[in-house]
Amino acid sequence: MLSLLNSFRIIALLEGVSYILLLFVATPIKYLGDDPMYVKLLGMPHGILFLAYIVLAIMVGQDLKWKTRTLLIVLVASIIPFGTFYIEKKYLKNKAL
């Protein structure tokens with residue numbers, strides 16, 4: 001069974017990838033190619049992953065006893081492209097699996 005931390009790592013990776021695909025693939029296709037299909041396909045899964053990331057970040061933050069500042073950095077990282085990858089490297093990499 002996956003631990004809370006491992007679940008967060010997986011969701012963070014998926015959320016980061018979905019955000020990058022949405023921003024750098026689907027949105028340009030929508031506006032440059034006049035084809036909104038990819039935004040529609042990626043939008044809902046990304047939204048669900050984003051919400052799961054926020055909930056799991058709060059749960060992991062309580063579990064790891066993060067300071068409020070650390071939790072805010074982790075939460076803000078979800079709206080910055082490549083931010084979730086930074087969080088993995090900076091805050092989660094050395095945590096036990």
Side-chain angles (χ1 to χ4, degrees):
M1 185 168 193
L2 288 176
S3 71
L4 184 62
L5 181 59
N6 285 339
S7 297
F8 180 60
R9 287 178 141 153
I10 292 167
I11 293 296
L13 172 69
L14 293 173
E15 194 275 337
V17 169
S18 73
Y19 192 34
I20 290 167
L21 288 173
L22 193 59
L23 284 178
F24 299 114
V25 177
T27 302
I29 290 173
K30 177 181 178 180
Y31 291 107
L32 298 175
D34 198 29
D35 184 2
M37 181 181 70
Y38 296 103
V39 171
K40 289 178 182 179
L41 287 173
L42 289 171
M44 181 63 75
H46 169 70
I48 292 168
L49 289 166
F50 174 78
L51 292 174
Y53 178 91
I54 298 299
V55 170
L56 286 172
I58 292 168
M59 293 171 67
V60 168
Q62 290 173 342
D63 195 39
L64 297 179
K65 298 180 182 14
W66 283 340
K67 295 179 182 175
T68 303
R69 182 174 190 268
T70 302
L71 179 59
L72 288 175
I73 290 169
V74 171
L75 293 174
V76 168
S78 68
I79 60 172
I80 299 171
F82 303 99
T84 58
F85 305 120
Y86 168 78
I87 295 305
E88 169 64 31
K89 184 174 182 178
K90 174 87 175 175
Y91 295 102
L92 305 175
K93 184 177 181 182
N94 296 323
K95 300 296 179 196
L97 293 175

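- Here the CD-CD1 distance, from Glu15 to Ile20, works out to 9.0 Å after rounding to the nearest 0.5 Å.
- Taking OH of Tyr91 as the start and CD1 of Ile73 as the end, the distance is 3.5 Å to the nearest 0.5 Å.
- The shortest distance between side-chain heavy atoms of Leu5 and Asp63 does not fall below 4.5 Å.
- Going from atom CD1 of Ile87 over to atom OG1 of Thr70 covers 9.0 Å, rounded to the nearest 0.5 Å.
- Scanning both residues, Leu71 and Ala57, for their nearest heavy atoms gives CD1-O, 3.6 Å.
- Contact check for Trp66 versus Val60: side-chain heavy atoms found under the 4.5 Å cut-off.
- Of the possible polar contacts, one joining the Thr27 side chain to the Leu22 backbone as a donor-acceptor pair under 3.5 Å is found.
- Atom OG of Ser3 and atom CZ of Arg9 lie 8.0 Å apart (nearest 0.5 Å).
- Placement of Leu56 and Tyr86 within a single hydrophobic cluster is found when ILVMFWY residues are connected by side-chain heavy-atom separations under 4.5 Å, directly or transitively.
- In terms of heavy atoms, Gly16 sits closest to Thr84 at CA-OG1, 3.3 Å.
- The aromatic rings of Phe8 and Tyr53 lie tilted to each other, with the angle between the two planes from 30° to 60°.
- Two residues are said to be in side-chain contact when any heavy atoms from C-beta on lie closer than 4.5 Å; Gln62 and Ile58 meet this criterion.
- Distance check: Ile54 CD1 to Ile11 CD1 gives 12.0 Å after rounding to the nearest 0.5 Å.
- With rounding to the nearest 0.5 angstrom, the OH atom of Tyr19 is 7.0 Å from the CD1 atom of Ile79.
- Residue Tyr38 qualifies as open at atom OH: its count of foreign heavy atoms under 6.0 Å is 12 or below.
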